[in-house]
Asker: 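Pasting a structure below so you can have a look.
Side-chain atoms are counted along with the backbone in the values below, which use heavy atoms only and exclude waters and symmetry mates. Each chain gets a letter, A, B and so on, in the order its sequence line appears, and its residues count up from 1.
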Amino acid sequence: MRPDPRLIEKLFTRFEADKPDPKTELDFINPYTLVVAVALSAQTTDKAVNKATKPLFDLAYNPFDMVALGEEKLSAMIASIGLYRTKAKNVIKLSQILIDSYGGQVPLNRDALMALPGVGRKTASVVLNELNIEPAIAVDTHVYRVSHRLGIADANTPDKVEAQLMAIIPQKWLTRAHHWLILHGRYTCVARKPMCEQCIVADLCPKISVS
DNA sequence: CTCCCGATAT
DNA sequence: ATATCAGGAG
């Protein structure tokens with residue numbers, strides 16, 4: 001694996017000028033709603049999640065109100081989202097754990113977050129990074145695909161790709177890099193038909209596509 | 001590895 | 001019709 005340092009330099013310098021302070025496109029109003037929104041976003045677009053969480057968070061923006069709402073009603077409110085039954089179950093369980101073990105607050109460390117049902121490494125990374133607890137590269141479908149195509153990672157699991165990215169990306173960009181890679185993947189280096197004509201680093205891209 | 005799963009783009 | 005979308009758990 002020999003990533004081209006000029007590619008990262010060019011891509012991130014452009015993003016830094018264009019979008020110096022990127023943040024998640026998921027709507028949330030506090031750490032709790034951030035955890036829930038990210039957990040709901042698995043295999044689902046941010047737009048679809050936001051559409052469902054808008055009325056939901058109006059009713060329940062803390063674990064107490066969420067548990068009071070109950071799994072049945074929650075399930076109905078997020079039925080437009082993929083994998084909604086599993087997610088409803090997880091959100092209720094997770095909320096109950098926050099009440100029982102953390103006084104209704106969200107524990108802001110990786111181990112505690114990952115112990116919550118429906119919260120894996122990727123979701124924990126998003127939360128920790130978004131709340132500026134610690135720099136983290138959440139390797140989702142976009143980051144995985146983009147990293148492979150750009151030739152800045154070649155490992156075959158999200159965890160290994162994360163390690164490669166952490167090692168390659170300059171410290172000053174670590175916190176924002178994950179947002180930038182997602183934005184690049186979501187709007188330019190899209191899965192089906194990448195828009196290489198409008199890509200800032202097309203000239204440096206090895207153009208290795210991934211399935 | 002399989003299952004969970006609706007909305008949207010192609 | 002089918003691939004894809006801020007994955008995680010059994």
Side-chain angles (χ1 to χ4, degrees), chain A residues 15 19 22-28 31-57 71-72 74-97 106 110-133 135-149 153 155-162 165 174-198 209-211:
Chain A
F15 267 114
K19 238 181 170 303
K23 65 184 193 73
T24 179
E25 293 185 358
L26 288 167
D27 295 334
F28 70 100
Y32 172 72
T33 49
L34 174 60
V35 171
V36 173
V38 180
L40 293 179
S41 72
Q43 298 294 288
T44 305
T45 59
D46 284 8
K47 267 185 205 166
V49 173
N50 289 337
K51 196 190 294 183
T53 55
K54 185 170 182 180
L56 172 63
F57 291 160
E71 187 180 327
E72 296 305 316
L74 170 59
S75 186
M77 290 192 75
I78 63 173
S80 59
I81 288 181
L83 318 180
Y84 70 97
R85 273 182 278 260
T86 309
K87 289 172 180 175
K89 208 174 294 286
N90 285 335
V91 168
I92 295 298
K93 277 190 198 168
L94 160 171
S95 300
Q96 188 63 55
I97 292 174
V106 174
R110 182 179 296 279
D111 289 342
L113 285 171
M114 287 180 65
L116 299 172
V119 178
R121 185 175 182 83
K122 177 257 163 183
T123 296
S125 289
V126 171
V127 172
L128 294 172
N129 198 66
E130 190 67 28
L131 298 180
N132 286 309
I133 306 301
I137 305 278
V139 180
D140 59 26
T141 182
H142 295 301
V143 174
Y144 187 89
R145 180 184 66 252
V146 168
S147 298
H148 274 79
R149 282 189 180 155
N156 61 356
T157 71
D159 286 12
K160 287 188 241 175
V161 167
E162 176 183 340
L165 293 176
L174 261 192
T175 301
R176 296 170 290 171
H178 122 90
H179 284 298
W180 290 337
L181 289 173
I182 286 173
L183 289 172
H184 188 62
R186 189 175 288 165
Y187 300 114
T188 301
C189 197
V190 298
R192 298 257 198 133
K193 187 175 176 286
M195 304 172 178
C196 301
E197 323 78 45
Q198 71 166 57
S209 63
V210 67
S211 58

Asker: Test A/Ser125 against every option in A/Arg110, A/His178, A/Glu130 by the side-chain hydrogen bond (donor to acceptor under 3.5 Å, both in side chains) rule and name the one that passes.
Answerer: A/Arg110
Asker: Taking the side chain as everything from C-beta on, heavy atoms only, tell me whether A/Thr188 gets closer than 4.5 Å to A/Gln198.
Answerer: yes
Asker: Distance criterion of 3.5 Å, no angle test: do you see the side chain of A/Arg192 paired donor-to-acceptor with the base of C/dT2?
Answerer: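 Donor-acceptor pair under 3.5 Å: yes.
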Asker: Under a 4.0 Å heavy-atom cut-off, which of residues 37-45 of chain A touch DNA chain C?
Answerer: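 Residues of residues 37-45 of chain A that come under 4.0 Å of DNA chain C are, in numerical order, A/Ser41, A/Ala42, A/Gln43, A/Thr44, A/Thr45.
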Asker: For a quick test of your reading: what N or O donor-acceptor pairs under 3.5 Å do the side chains of residues 113-123 of chain A make, sequence neighbours left out?
Answerer:
from	atom 1	to	atom 2	distance (Å)
A/Arg121	NE	A/Glu162	OE1	2.7
A/Arg121	NE	A/Glu162	OE2	3.3
A/Arg121	NH2	A/Glu162	OE2	2.8

Asker: I'd like to check the side-chain hydrogen bond (donor to acceptor under 3.5 Å, both in side chains) partners of A/Arg186; sequence neighbours left out, ordered by chain and number.
Answerer: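 Once residues adjacent in sequence are excluded, the partners of A/Arg186 under the side-chain hydrogen bond (donor to acceptor under 3.5 Å, both in side chains) criterion are A/Glu25, A/Asp46.
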Asker: Mind listing the residues from residues 80-90 of chain A sitting with a heavy atom below 4.0 Å of DNA chain B? Number order is fine.
Answerer: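 Those residues whose heavy atoms fall under 4.0 Å from DNA chain B, taken from residues 80-90 of chain A in numerical order, are A/Ser80, A/Ile81, A/Gly82, A/Leu83, A/Tyr84, A/Arg85, A/Thr86.
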Asker: Take the protein atom CG of A/Asp27 and the nucleotide atom C1' of C/dA6, then report the distance between them rounded to whole Å.
Answerer: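 It works out to 13 Å between those atoms.
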Asker: On a whole-Å scale, what distance lies between the P atoms belonging to B/dC5 and C/dG10?
Answerer: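 Straight-line distance between the two P atoms is 14 Å.
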Asker: Report the residue (A/Ala115 or A/His179) whose heavy-atom-nearest nucleotide on DNA chain C is the more 5′ of the two.
Answerer: A/His179
Asker: C/dA6, OP1 or OP2 - any side-chain N/O from A/Arg186 closer than 4.0 Å?
Answerer: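 So the side chain of A/Arg186 is within the cut-off, an N or O lying under 4.0 Å from OP1 or OP2 of C/dA6.
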Asker: Please give the distance between the P atoms of B/dT2 and C/dA6 as a whole number of Å.
Answerer: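 Looking at atom P only, B/dT2 and C/dA6 are 24 Å apart.
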Asker: Let me know, please, whether A/Lys23 or A/Pro117 comes out on the 5' side of the other along DNA chain C by nearest nucleotide.
Answerer: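 Closer to the 5' end of DNA chain C: A/Lys23.
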Asker: Return a table of donor-acceptor pairs under 3.5 angstrom between the side chains of residues 32-43 of chain A and protein atoms on other chains or two or more places apart.
Answerer:
from	atom 1	to	atom 2	distance (Å)
A/Tyr32	OH	A/Ser95	OG	2.7
A/Thr33	OG1	A/Ile29	N	2.8
A/Thr33	OG1	A/Asn30	N	2.9
A/Thr33	OG1	A/Asn30	O	2.9
A/Thr33	OG1	A/Asn30	OD1	2.8
A/Ser41	OG	A/Val38	O	2.6

Asker: Give a yes or no on whether the backbone of A/Lys19 and the side-chain of A/Trp180 come within a donor-acceptor separation of less than 3.5 Å.
Answerer: yes
Asker: Between which nucleotides of DNA chain B, 5' to 3', does chain A make heavy-atom contacts below 4.0 Å?
Answerer: B/dC4 to B/dT10
